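Only this structure's heavy atoms are used, side chains among them; waters, hydrogens and symmetry mates stay out. Here the structure is a predicted model, which means the values were calculated and not measured.
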Amino acid sequence: AVLGISKAIGAAEEDVAEWARTPEAGLEAIRKEVAAMVESKEATQEDLANLKYVLDEAASEVKVRGNDGRHVTRDKGHGGKTLQHFCEEKQARLAELKPCEVAALRFYTTSSFQRINEPP
């Protein structure tokens, strides 16, 4: 990140500045990026569903298969919380996270983490 976030993520500086100005722009950029990845087969419908869950749905406590193959409860203790609720959490406020940053962190905690750790 020494070169700046735009270089680190491969985005134009003006795009990053726009995402910082309006919460909607950052969230829309994430939607477009994942949709484009699904279109190009670099991501799956599961990734798209994970993003929809993070951005558009209230958290639900559901048994899912964890990264290690064991069953875990997704969003345990956070049922009913929306993205806005997560943005208002003390940790997010102290870190001055923008909604798109909170969304990206939540997306990373889904099975889609593989797209971030090992991009095609």
Side-chain angles (χ1 to χ4, degrees):
V2 171
L3 298 175
I5 189 68
S6 61
K7 296 274 192 227
I9 65 173
E13 287 185 34
E14 55 272 9
D15 289 339
V16 174
E18 177 62 22
W19 304 336
R21 275 194 289 282
T22 63
E24 298 79 21
L27 295 173
E28 187 58 28
I30 294 171
R31 285 184 201 277
K32 286 180 180 178
E33 182 175 357
V34 173
M37 289 178 69
V38 170
E39 181 79 22
S40 68
K41 307 286 189 237
E42 295 175 43
T44 66
Q45 288 298 319
E46 180 180 4
D47 297 315
L48 203 54
N50 286 340
L51 185 64
K52 183 179 180 338
Y53 171 72
V54 166
L55 297 180
D56 303 325
E57 299 173 18
S60 57
E61 296 185 35
V62 177
K63 291 275 188 196
V64 297
R65 187 173 307 276
N67 300 334
D68 61 2
R70 291 187 245 173
H71 285 91
V72 296
T73 303
R74 176 183 72 187
D75 283 325
K76 188 174 183 176
H78 299 287
K81 289 185 179 180
T82 63
L83 178 60
Q84 183 61 41
H85 289 113
F86 286 103
C87 290
E88 293 168 357
E89 290 281 342
K90 180 180 178 181
Q91 298 90 334
R93 286 185 290 109
L94 286 173
E96 298 181 13
L97 296 177
K98 294 170 182 39
C100 61
E101 294 166 327
V102 173
L105 289 167
R106 293 222 354 104
F107 184 61
Y108 184 75
T109 67
T110 70
S111 59
S112 297
F113 77 96
Q114 298 167 13
R115 303 291 169 257
I116 298 166
N117 285 358
E118 298 174 21

Residues Phe86 and Asp75: closest non-hydrogen pair is CZ-OD1, 4.4 Å
Quick check for you: to the nearest 0.5 Å, what is the distance between Arg31 atom CZ and Leu48 atom CG? 9.5 Å
Can His71 and Arg65 be said to form a side chain to side chain contact (heavy atoms under 4.5 Å, CB included), step by step? CA-CA 4 Å; His71 285 91; Arg65 187 173 307 276; 3.7 Å; yes
Walk me through whether Glu57 and Lys52 qualify under salt bridge (Lys or Arg N to Asp or Glu O under 4.0 Å). CA-CA 7 Å; Glu57 299 173 18; Lys52 183 179 180 338; 3.7 Å; yes
Just verifying a value: how many Å separate Lys63 NZ and Lys76 NZ, rounded to the nearest 0.5 Å? 7.0 Å
Would you call the rings of Phe113 and Tyr108 parallel, tilted or perpendicular, where under 30° means parallel and over 60° means perpendicular? perpendicular
I need the Glu101 CD to Glu96 CD distance, nearest 0.5 Å. 10.0 Å
Exercise: identify the closest heavy-atom pair between Ala103 and Leu27: CB-CD2, 3.8 Å
Residue that, paired with Glu88, satisfies side-chain hydrogen bond (donor to acceptor under 3.5 Å, both in side chains) out of His85, Gln84, Lys90: Gln84
Tell me the closest heavy-atom pair linking Val102 and Ala92, and the distance in Å. CG2-CB, 4.1 Å
Rounded to the nearest 0.5 Å, what separates atom CG in Asp56 from atom CG in Leu51? 7.5 Å
Say you draw a straight line from CG of Asn117 to CZ of Arg115; how long is it, rounded to the nearest 0.5 Å? 11.0 Å
To the nearest 0.5 Å, atom CD of Gln114 lies from atom CG of Asp47 at 8.0 Å
Of the non-hydrogen atoms in Ile30 and Cys100, which two are nearest, and what is the gap between them? CD1-O, 3.5 Å
Are any side-chain N or O atoms of Ser60 and backbone N or O atoms of Val62, one a donor and one an acceptor, separated by less than 3.5 Å? no
Taking atom CD as the centre, does Glu28 end up with more than 12 heavy-atom neighbours from other residues, nucleotides or ligands that are less than 6.0 angstrom away? yes
Can you get from Leu83 to Leu105 by hopping between Ile, Leu, Val, Met, Phe, Trp and Tyr side chains that sit under 4.5 Å apart? yes
Any side-chain donor paired with an acceptor under 3.5 Å for Glu42 and Ser40? yes
Contact summary for His78 and Ala59, nearest pair of heavy atoms: O-CB, 3.3 Å
Give the minimum heavy-atom separation between Ser112 and Asn50, together with the two atoms involved. OG-ND2, 2.9 Å
